[in-house]
Amino acid sequence: MSAFSEWYKDKVVLVTGGTSGIGRQMVIRLCQWGAEVIVCGRDASRLDSLKADLSSKGHKLAASFLLDLTDVQQLQSMIKDIKQSYELDVLINNAGSGHVGDFDKMTNESREYLEKLNMQVVTILISSFFDRFKEKEGRGILNVGSVASFFPTPGSALYCGTKHFILGLTDSLHLELAPDHVHVTGVYPGKTHSRFVERATGGAEGEWKKAMDAGVVAERALRSLSENKAREIPGINNKVIVFIAKLLPTRLLFKLMAKRNVQK
Ligand SMILES: NC(=O)c1ccc[n+]([C@@H]2O[C@H](COP(=O)([O-])OP(=O)(O)OC[C@H]3O[C@@H](n4cnc5c(N)ncnc54)[C@H](OP(=O)(O)O)[C@@H]3O)[C@@H](O)[C@H]2O)c1
């Protein structure tokens with residue numbers, strides 16, 4: 001076990017969307033490092049396969065919840081159950097969804113769904129456990145953004161907007177909660193192997209061609225939270241992209257991004 005993983009030992013951690021992709025890889029590591037992990041997702045078969053995977057390694061989840069996080073009643077009921085039975089130390093807001101397609105072609109339902117899952121659920125969960133995090137040192141919040149948090153993404157405008165929200169919220173909370181010694185970190189992945197693209201494109205695309213391993217992204221994110229780093233951009237290519245986007249004058253950045261519509 002590496003030194004930073006010690007930070008998670010005996011901590012109670014909630015991972016939203018822990019049944020697949022980046023979240024699943026976080027859950028596997030957290031269990032190995034001795035954390036008590038609570039997972040939520042929607043798909044029962046994926047949760048069963050995660051449990052079987054953990055069990056084959058001699059681990060088990062502290063608790064699991066099958067729910068659609070965008071259903072506020074179900075979300076509030078999960079929060080109540082967790083508060084009754086656990087003293088949460090770490091909240092990982094990982095569950096999120098993408099959308100590839102023009103903004104004006106989105107239905108009201110798909111817009112509301114994306115706004116709720118990628119933003120409202122995050123703020124409801126943070127505010128529900130806010131006071132608890134401030135009670136004692138060594139607690140934390142990890143929010144999952146995207147490299148798209150740092151520049152415009154034509155062809156995926158609302159998703160991009162929700163991830164800009166994650167950047168602003170997380171950076172500000174990092175500073176706001178520093179006097180209370182609460183760790184607050186944002187992780188901003190680029191293309192990562194998971195079911196994300198398949199879902200964002202409604203099945204039109206299966207996988208990114210060149211993408212990072214979800215386990216590597218998960219481990220970098222968890223390490224950065226333990227160190228209370230404000231921003232983790234996993235992978236050298238992603239770091240370079242974000243660095244260039246920050247350096248470029250806005251007019252030049254927009255010219256470049258206009259040619260990079262994610263649908264084309
Ligand atoms: N993969 C990438 O290239 C990439 C790049 C940048 C940022 N990200 C971000 O990384 C995060 C994790 O995504 P991923 O790539 O690991 O995708 P993924 O494989 O699709 O995993 C998403 C997870 O979130 C859960 N989830 C989704 N909608 C939910 C809902 N309404 N209620 C409850 N759980 C829900 C899923 O559970 P079920 O399967 O049970 O629905 C699943 O466990 C997201 O916030 C995403 O925006 C991903």
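The model shown is predicted, which means the values in this text are computed figures rather than measured ones. Counting starts at 1 for both ligands and their atoms, following the listed order.
- Across Phe65, Tyr188, Tyr113, Tyr159, heavy-atom proximity to atom 8 (N) of ligand 1 is greatest for Tyr159.
- Judged by a 6.0 Å distance limit and a 45° cone about the ring axis, Lys11 is positioned over the six-membered ring of Trp7.
- Remark: ligand 1 and Leu69 share an N or O pair separated by less than 3.5 Å (distance only, no angle test).
- Of the listed options Ala221, Gly18, Ser20, Ala211, Ser20 places a heavy atom closest to atom 19 (O) of ligand 1.
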Pair Thr107, Ser110 - check side-chain hydrogen bond (donor to acceptor under 3.5 Å, both in side chains), show working. CA-CA 5 Å; Thr107 61; Ser110 62; 3.1 Å; yes

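- Every atom of ligand 1 is numbered from 1 in the order shown, and the set under 4.0 Å from a heavy atom of Leu67 is 32 (N), 33 (C).
- When Asp43, Val144, Thr19 are checked for heavy-atom proximity to atom 43 (O) of ligand 1, Thr19 turns out nearest.
- Note on Asp89 versus Arg132: salt bridge recorded, some NZ/NE/NH1/NH2 to OD/OE distance being below 4.0 Å.
- Taking distance alone, with nitrogen or oxygen atoms compared against 3.5 Å, Gly23 stays at or beyond that limit from ligand 1.
- Using cut-offs of 30° and 60° for the angle between ring planes, the Trp33 and Phe4 rings count as perpendicular.
- Residue Asp68 has at least one nitrogen or oxygen atom sitting less than 3.5 Å from a nitrogen or oxygen atom of ligand 1, judged on distance alone.
- Within a 6.0 Å sphere centred on CD of Gln73, heavy atoms belonging to other residues, nucleotides or ligands number 12 at most.
- Proximity of Pro189 to ligand 1 is established by a heavy-atom distance of less than 4.0 Å.
- Polar contact with ligand 1: present for Lys163 (N/O pair, distance under 3.5 Å).
- With ligand atoms numbered from 1 in the order given, ligand 1 contributes 3 (O) to contacts under 4.0 Å with heavy atoms of Lys191.
- Heavy atoms of Gly190 approach ligand 1 to within less than 4.0 angstrom.
- For the pair Glu198 and Arg195, the salt-bridge criterion is not met [side-chain N within less than 4.0 Å of a carboxylate O].
- Close approach of ligand 1 to Gly21 (heavy-atom distance below 4.0 Å) involves ligand atoms 16 (O), 19 (O).
- Side-chain polar atoms of Arg231 and Ser149 form no donor-acceptor pair below 3.5 angstrom.
- For the pair Ile22 and ligand 1, the shortest N or O to N or O distance falls below 3.5 Å.
- Between atom 11 (C) of ligand 1 and the options Leu47, Thr70, Asn94, the minimum heavy-atom separation is to Asn94.
- With ring centers used as reference points, Phe196 lies under 6.0 Å from Tyr159.
- Using a 3.5 Å distance cut-off with no hydrogens or angles, the side chains of Thr16 and Asn94 do not pair a donor with an acceptor.
- Remark: the backbone N or O of Phe151 is paired with a side-chain donor or acceptor of His164 at under 3.5 angstrom.
- When Thr162, Thr192, Asn238, Val121 are checked for heavy-atom proximity to atom 2 (C) of ligand 1, Thr192 turns out nearest.
- Closest heavy-atom approach to atom 39 (O) of ligand 1 among the candidates Gln25, Arg24, Arg195: Arg195.
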